[in-house]
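See structure below.
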Amino acid sequence: MAPKNKENSGNKRKKQMEDEGDEDYRKRRDRNNQAVKRSRVKSKLRTLHTLERVNQLKVENELLEEKIKMLTKELGFLKDLFVAHSGSNQHSMNIQDIDLNALLEDKPDEEPTKTITKS
């Protein structure tokens with residue numbers, strides 16, 4: 001009968017080790033599950049922020065497109081006005097003689113140099 005007791009005591013140890021192993025395994029699984037949940041929440045937040053940014057950029061893009069249209073119309077109007085003014089006999093100046101680069105420079109302190117010849 002003594003050998004049976006040895007077997008029983010060995011089985012008890014195995015059982016105890018298995019229980020501890022199951023407990024460690026369960027702890028690891030729980031930690032992993034929590035980590036996965038956190039990761040999914042972060043991913044969802046990142047996606048929501050990205051979608052929000054996309055919508056902001058779409059609105060900004062539409063506003064900029066409208067501004068481009070407005071500025072294009074204004075430029076066309078100013079070109080027509082300039083051509084009409086320069087083509088009049090009142091001032092009779094040649095458009096090729098105007099230094100457009102100097103006129104378009106952004107120097108508020110200096111007057112642009114003009115090379116205008118009157119006919």
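The side-chain heavy atoms of Glu60 and Leu64, taken from C-beta on, include a pair separated by under 4.5 Å.
Under the side-chain hydrogen bond (donor to acceptor under 3.5 Å, both in side chains) criterion, Asn33 pairs with Arg29, not counting sequence neighbours. Under the side chain to side chain contact (heavy atoms under 4.5 Å, CB included) criterion, Gln34 pairs with Arg38, not counting sequence neighbours.
Here the CG-CG distance, from Leu75 to Leu71, works out to 8.5 Å after rounding to the nearest 0.5 Å. For the atom pair CE (Met70) and OG1 (Thr72), the distance works out to 9.5 Å, reported to the nearest 0.5 Å. Atom NZ of Lys67 sits about 16.0 Å away from atom CD of Glu62, to the nearest 0.5 Å. Rounding to the nearest 0.5 angstrom, the gap separating the CD1 atom in Ile68 from the CD atom in Glu65 is 5.0 Å.
Within the 3.5 Å criterion, the main-chain N or O of Ser39 finds no donor-acceptor partner in the side chain of Ser43.
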Review point. So Asp22 and Arg26, salt bridge (charged side-chain N to carboxylate O under 4.0 Å, His left out) or not? Walk me through it.
Key: CA-CA 6 Å; Asp22 287 345; Arg26 192 74 252 151; over 6 Å; no
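Screening residues 46-55 for salt bridge (Lys or Arg N to Asp or Glu O under 4.0 Å), with sequence neighbours left out, gives no hits.
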